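Treat the numbers as computed from the prediction; the structure is a model and nothing was measured.
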Amino acid sequence: MRFLVCFLFAITTGLTAIMAAEPVPSRYVAAFPSSLSQKGLQVEDVDDALRLGVKHAAINVDLCQLVDISSDDLEDNGQPHWMSGGQRFNFNSLYLHELDRKIKKLSDRGVVVYLILLTYANADEHINKIMLHPRYDPGAPNRLGMFNATTPEGKAWLTVMMEFLAERWSRPDEKFGRVSGHVVGNEVNSHWWWSNMGRASLEDVVTAYHAAVRLVHDAVRRQSSWARVYVSLDHFWTMRNPPSDELQAVGGKAFLDEFARQAREAGDFDWHVAYHPYPEDLFNPQFWNDTTALPDENSPRITFKNLDVLTRYLKSDELLYDGAPRRVILSEQGFHTPDGPDGELVQAAAYCAAYKQVERTEGIDAFILHRHVDHPHEGGLRLGLRRMTPGNGEPHAKKLIYECFRAADTAEWEAAFRFALPIVGKKSWE
């Protein structure tokens, strides 16, 4: 019976997707929130982020951890759930309430909150079968799978999950907080590494991803008129991730073009772009020296050095929606702290230069820094505002970049950024 209900539900949502060129009526209607600056952070410590004055925050959400298949479908015990087609879909209350806590604390202070939707391989194989693409290869690195918008059960779960989350975080009373953006997946053009569905061609990957993004968009839009849905791309533009072959990764430009083509063919909708313009060498924060970031649309990479290549390209007729370019957020990028006595100084200078570059680039709504605190399992990268080690009576010592970040959108920015000018080879920020 469960399979039959899911199958019928999936047929219904599939028909909705085909007709998605028509506006989807929303339960709640409001405008996308405005913000005083682009300053954002992938938040770990909410209180610290608020002290820093963040205006945008990104939170990773593992959808596989939200699924609860352990409870009886009809059990009414106050557990978070969503009803669809006479079927009850249950959600993990502990994981959900922790998300509520972070989201509400941030949005109550006016922070624009974005969720980065992910599907990590789970210890429960039944959950993997529901949430991961059928071609997921467990031999691939990083345990991050492509969404399952392919099987009837996968479509049903992804749809109801997004309807449930969008309703919860779009309510006018903001009881659980407010979410304004949903980034679907992570760096999907390097799919073998970050959105795995095995070895696959560009067309196959985009077909699977387009189905998921459209499904997420329509589910969100049925609840919220304003929350945006974003496709996620890394800094590789016309080149692919170097360790990869053509069945493991493609350049972001080719991926974007194919995604836009498939979206138009099925009836275009208001998708947007979440980009990651890391420096060309992740261990060298001096992006102003990048040699593969060129000033035209055939550039191998797009980094902070040539960020306007992306926003200019999005003005192409084939990429416009309702006559306007897609909006851009920079949802994940950061600057390594090199070894040596000047490491923190160079990291901080890179942030200053990047922040001023973003301010000058039309069409970018948010610059969300990664990371808040250095992470022990990021291949040796030290990208944080804080170190893992304690200092000054705090569990994580502040680096020089911390104060630059805090001051970036305040009246103190010029004094805080002045040290960076000779490091980046500038006489002024004009």
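- In this structure, the separation between CD1 on I302 and CG on L294 is 10.5 Å, given to the nearest 0.5 Å.
- Residues satisfying the side chain to side chain donor-acceptor pair (under 3.5 Å) test with Q286, not counting sequence neighbours, are N284.
- K39 meets the salt bridge (Lys or Arg N to Asp or Glu O under 4.0 Å) test with D409; sequence neighbours excluded.
- In summary, R168 and D100 engage in a salt bridge, as defined by a charged side-chain N under 4.0 Å from a carboxylate O.
- Separating the CG atom in D124 from the CD atom in Q65 is a distance of 12.0 Å, to the nearest 0.5 Å.
- Under the 3.5 Å distance criterion, the side-chain polar atoms of D290 are left unmatched by any main-chain donor or acceptor of P279.
- Between the N90 side chain and the D68 main chain, no donor and acceptor come within less than 3.5 Å of each other.
- Residue pairs meeting the salt bridge (Lys or Arg N to Asp or Glu O under 4.0 Å) criterion with at least one member in residues 26-37, sequence neighbours excluded, do not occur.
- Within the 4.5 Å cutoff, no side-chain heavy atoms of F147 are placed close to those of V213.
- Put simply, the side chain of S26 gets close to the backbone of R221: a donor and an acceptor are under 3.5 Å apart.
- Listed by first then second residue, pairs satisfying ring-ring contact (aromatic ring centres under 6.0 Å, His included) with a partner in residues 234-260 read Y209-F255, Y209-F259, H210-F259, W237-Y313, F259-W271, not counting sequence neighbours.
- Contacts classified as salt bridge (Lys or Arg N to Asp or Glu O under 4.0 Å) and involving residues 181-197 (residues at least two apart or in different chains) are not found.
- Taking the side chain to side chain donor-acceptor pair (under 3.5 Å) definition, one finds that S299 meets it with N306, sequence neighbours left out.
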Determine, step by step, whether L165 and L99 satisfy the side chain to side chain contact (heavy atoms under 4.5 Å, CB included) criterion, reporting the C-alpha distance in whole Å, the side-chain angles of both residues, the deciding distance to 0.1 Å, and the verdict.
CA-CA 10 Å; L165 296 181; L99 291 171; 5.8 Å; no
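- For the atom pair CD of E280 and CZ of F304, the computed distance is 14.0 Å after rounding to the nearest 0.5 Å.
- A 4.5 Å side-chain heavy-atom check between D270 and R228 finds every atom pair outside the cut-off.
- The existence of a salt bridge linking R312 and E297 is excluded, since no basic side-chain nitrogen approaches an acidic carboxylate oxygen closer than 4.0 Å.
- For the pair N122 (side chain) and N128 (backbone), a donor-acceptor distance under 3.5 Å is absent.
- Ring orientation note: the planes of F32 and Y114 are tilted relative to one another, at an angle of 30° to 60°.
- Applying the salt bridge (Lys or Arg N to Asp or Glu O under 4.0 Å) rule to pairs touching residues 316-326 yields D268-R326, sequence neighbours excluded.
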Before you tell me yes or no, could you show the steps for V206 and V250 under side chain to side chain contact (heavy atoms under 4.5 Å, CB included), namely the whole-Å CA-CA distance, both residues' side-chain angles and the distance that decides it to 0.1 Å?
CA-CA 11 Å; V206 173; V250 298; over 6 Å; no
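- By the side chain to side chain donor-acceptor pair (under 3.5 Å) test, R178 pairs with no residue at all, sequence neighbours left out.
- For the pair R214 (side chain) and F269 (backbone), a donor-acceptor distance under 3.5 Å is absent.
- Annotation: E362, atom CD; neighbour count of heavy atoms from other residues, nucleotides and ligands within 6.0 Å does not exceed 12.
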Run the side chain to side chain contact (heavy atoms under 4.5 Å, CB included) check on V54 and R109 step by step: do they pass?
CA-CA 10 Å; V54 297; R109 293 280 292 273; over 6 Å; no
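- No donor-acceptor distance shorter than 3.5 angstrom exists from the side chain of E332 to the backbone of H276, with no hydrogens or angles considered.
- Residue K129 holds its NZ atom at 10.5 Å from CG of N148, rounded to the nearest 0.5 Å.
- The line from CG of N196 to OG1 of T119 is 9.5 Å long, rounded to the nearest 0.5 Å.
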I'd like a table of donor-acceptor pairs (distance under 3.5 Å, sequence neighbours excluded) in which one partner is a side-chain atom from residues 134-141, with atom names and distances.
| unit_1 | atom_1 | unit_2 | atom_2 | d |
| --- | --- | --- | --- | --- |
| R135 | NH1 | D204 | OD2 | 3.4 |
| R135 | NH2 | R199 | O | 3.0 |
| D137 | OD1 | G139 | N | 2.8 |

One pair to check against side chain to side chain donor-acceptor pair (under 3.5 Å): Q333 and Y275. What are the steps and the verdict?
CA-CA 9 Å; Q333 54 283 305; Y275 207 79; over 6 Å; no
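- Ring pair F164/F89: centre-to-centre distance not below 6.0 Å.
- For the pair T207/Q262, a side-chain contact is recorded, criterion being any heavy-atom separation below 4.5 Å from C-beta on.
- Two residues are said to be in side-chain contact when any heavy atoms from C-beta on lie closer than 4.5 Å; Y402 and L52 meet this criterion.
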Between L385 and L41, is a side chain to side chain contact (heavy atoms under 4.5 Å, CB included) present by the stated rule, with each step listed?
CA-CA 10 Å; L385 298 174; L41 183 64; 4.0 Å; yes
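- The backbone N or O of S170 sits nowhere less than 3.5 Å from a side-chain atom of Q223 that would complete a donor-acceptor pair.
- If you run side-chain hydrogen bond (donor to acceptor under 3.5 Å, both in side chains) between D365 and each of Q38, K55, R327, only R327 comes through.
- Between S232 and the options I329, V183, I116, a side chain to side chain contact (heavy atoms under 4.5 Å, CB included) holds for only V183.
- Among residue pairs with one or both ends in residues 372-385, those qualifying as salt bridge (Lys or Arg N to Asp or Glu O under 4.0 Å) are D339-R382, R371-E378, D374-K399; sequence neighbours excluded.
- A donor-acceptor contact shorter than 3.5 Å links the side chain of Q347 to the backbone of G384.
- The shortest side-chain heavy-atom distance between V46 and L50 falls under the 4.5 Å cut-off.
- Taking each heavy atom of I368 and A58 in turn, the nearest pair found is CG2-CB, 3.8 Å.
- At least one side-chain heavy atom of S37 sits under 4.5 Å from a side-chain heavy atom of Y355.
- Residues satisfying the side chain to side chain donor-acceptor pair (under 3.5 Å) criterion with N60, sequence neighbours excluded, are absent altogether.
- In this pair, H272 and Y230 present their aromatic rings tilted. The plane angle is within the 30 to 60° band.
- Proximity of V205 to V188: side-chain heavy atoms (C-beta onward) are nowhere separated by under 4.5 Å.
- The OG atom of S70 sits 6.5 Å away from the CD atom of Q79 when rounded to the nearest 0.5 Å.
- In terms of modelled atom types and a separation under 3.5 Å, the side chain of D45 and the main chain of D48 share a donor-acceptor contact.
- Counting heavy atoms from C-beta outward, M161 and V67 have side chains that approach closer than 4.5 Å.
- Within 6.0 Å of atom NZ in K104, more than 12 heavy atoms from other residues, nucleotides or ligands are found, so the atom counts as buried in its surroundings.
- With respect to D173 and R171, a salt bridge is recorded, a charged nitrogen being found less than 4.0 Å from a carboxylate O.
- At distances below 3.5 Å, at least one donor-acceptor pair connects side-chain atoms of Q248 with backbone N or O atoms of D245.
- Listed by first then second residue, pairs satisfying side chain to side chain donor-acceptor pair (under 3.5 Å) with a partner in residues 388-398 read R386-E394, not counting sequence neighbours.
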